[in-house]
Amino acid sequence: MKIQAAVLRESSRPLVIEELDLDEVRSDEVRVKIAFCGVCHTDVACRDAVIPLKLPLVLGHEGAGIVEEVGAGVTRVRPGDHVLLSFASCGFCHSCRTAHPAYCEHFNPMNFGGARSDGTTTLSGPKGAVNSLFFGQSAFATHAIVPQSSLIRVDPDLPLDVLAPLGCGVQTGAGAVLNSLQARPGDSIAVFGVGAVGMSAIMAARASGCSKIVAIDRVRQRLELALELGATHVVDAKETSDLIDEVRSISNSGVTHVVDSTGVGDVVAQALQCLSLRGTCALVGMYPPGHRLPIDTRFIVLNGINVKGIVEGDSQPSHFIPRLIELYQAGNFPLDRLITPFGFADVNAAMDASAACAVLKPVLWFN
């Protein structure tokens, strides 16, 4: 069938909306009509070749829509179901079998390989094959073929435009706090960088009952919103003369947990020094390939510091996303406060707004 998709043909260049052919659904695949898709900094990083991928490619990995067709082997959804899209995983490796699909042994080829395991793509055009299945989706398109492992069925009465970002950015920040750090009442936490990922960590920390929640950023408007969404304290990194001292002063002897969403090594070095004894630093930022952290190993050892890398919030989407939806429905996770809508035709404006930190979470609307 013919669809419209935003194609990246050259790195660091605008996406081009083109008419493409969508392949037939195979046994374990589902065709979804995309209604909304969040824009993530990972989309921007791939556009700008921070993460180099095969081109041409259709990006987009926070899709939400309605199931139109299912393959013969699909059991999780049926036509007419409302679904959210998340990353793909094999379901069979050790990580998948032990409820850690974000560390699937086949994560890279399934989410960044651009094709099915047999090398075929789900998209093609007059100029030939177009790489697809980005994070199991390629949802910057009116329709997508998706492996059933990427799908989460949701109540049709829920707002798909609000829930779409749960598929990646939101579950990354919230999952770092709820799944990996397992924050508890009375814990303290500092979040470095309060974009969509960091703000999700703030909201999750509040839902966990953390006593002190410190938001650190360079954008005053984001800090003001962080206070409304759960932060007990904020630190303007542009204004403070001693960030480490200020955070440690707020928390008396250092925070229990730190979440870094900035992807900047020098910031991580500061974050580590804000921790209490035996504290944990969660790294969830977009760190460029080959990036090195300026870490004082002696400080880490003598203070029992833990440094933890986290992918996708160490989430099992089929279980964790419904948990976040319950928090949202209860008024404890005001996800809607993060979102700015853009029409699909304005996909490049949405990408640029995300890159410039002008908005927290752009969400594309498909007519």
Side-chain angles (χ1 to χ4, degrees), residues 41 169 172-174 176-177 180-181 183 186-206 208 210-288 291-310 313 338 354-360:
H41 267 289
T172 294
V177 174
S180 297
L181 297 176
D187 284 355
S188 55
I189 188 167
V191 179
F192 283 75
V194 285
V197 172
M199 206 72 78
S200 299
I202 294 284
M203 294 189 291
R206 182 181 67 171
S208 298
C210 289
S211 59
K212 292 183 178 178
I213 304 170
V214 187
I216 300 105
D217 206 291
R218 300 174 62 84
V219 180
R220 192 68 208 176
Q221 296 93 320
R222 292 189 172 189
L223 295 175
E224 291 169 359
L225 180 59
L227 284 171
E228 296 178 27
L229 298 184
T232 60
H233 301 77
V234 297
V235 176
D236 188 330
K238 287 196 303 184
E239 300 297 331
T240 184
S241 59
D242 192 332
L243 188 153
I244 297 166
D245 182 67
E246 188 164 348
V247 174
R248 293 189 70 88
S249 176
I250 291 169
S251 56
N252 298 323
S253 59
V255 292
T256 317
H257 310 294
V258 160
V259 174
D260 173 68
S261 69
T262 69
V264 179
D266 289 341
V267 173
V268 175
Q270 290 181 303
L272 289 167
Q273 295 175 73
C274 294
L275 285 166
S276 61
L277 294 171
R278 301 178 61 245
T280 301
C281 176
L283 304 180
V284 301
M286 180 59 65
Y287 306 93
H291 193 60
R292 298 289 185 268
L293 301 180
I295 296 173
D296 184 339
T297 307
R298 180 178 172 82
F299 172 83
I300 291 175
V301 172
L302 294 182
N303 291 280
I305 299 298
N306 299 285
V307 180
K308 192 167 190 177
I310 301 172
L338 310 184
S354 178
C357 300
V359 299
L360 281 171

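Not measured: the values here are computed from a predicted model. Quick note: numbers below take in every heavy atom, side chains included, and nothing from hydrogens, waters or symmetry partners.
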(message) Treating Ser208 as the side-chain partner and Ala204 as the backbone partner, does any N or O pair qualify as donor plus acceptor under 3.5 Å?
(response) yes
(request) Kindly indicate whether the side chain of Leu223, heavy atoms from C-beta on, has any atom under 4.5 Å from the side chain of Arg220. (result) yes
(message) So, applying side chain to side chain contact (heavy atoms under 4.5 Å, CB included) with Leu283, which one of Val268, Ile310, Thr262 is it?
(response) Val268
(request) Keeping the roles fixed (side chain from Asn303, backbone from Ile305), state whether a donor-acceptor pair exists under 3.5 Å. (result) no
(message) Applying salt bridge (Lys or Arg N to Asp or Glu O under 4.0 Å) as the test, list every pair that has at least one member in residues 221-232; sequence neighbours left out.
(response) Glu228-Arg337
(request) Begin from the C-alpha positions of Leu229 and Arg206 and carry the test side-chain contact (heavy atoms from CB on, under 4.5 Å) through to its verdict. (result) CA-CA 8 Å; Leu229 298 184; Arg206 182 181 67 171; 5.6 Å; no
(message) For the CD1 atom of Ile213 and the OG atom of Ser251, what is their distance to the nearest 0.5 Å?
(response) 13.0 Å
(request) Check side chain to side chain donor-acceptor pair (under 3.5 Å) between Asp187 and all other residues, then give those that pass, not counting sequence neighbours. (result) His257
(request) With Ile189 as reference, evaluate Val259, Thr256, Val255 under the side chain to side chain contact (heavy atoms under 4.5 Å, CB included) test and give the passing residue. (result) Val259
(request) Output yes when a side-chain donor or acceptor of Thr280 lies under 3.5 Å from a complementary backbone atom of Val307, and no otherwise. (result) no
(request) First locate atom CG of Leu293, then atom SG of Cys281, and finally report the distance between them rounded to the nearest 0.5 Å. (result) 8.5 Å
(message) Measuring from atom OG of Ser253 to atom CG of Leu275, what distance do you get when rounded to the nearest 0.5 angstrom?
(response) 11.0 Å
(message) Are the side chains of Thr172 and Ser200 in contact, using a 4.5 Å heavy-atom criterion?
(response) no
(message) Within the 4.5 Å heavy-atom criterion, are Leu272 and Val258 side-chain neighbours or not?
(response) no
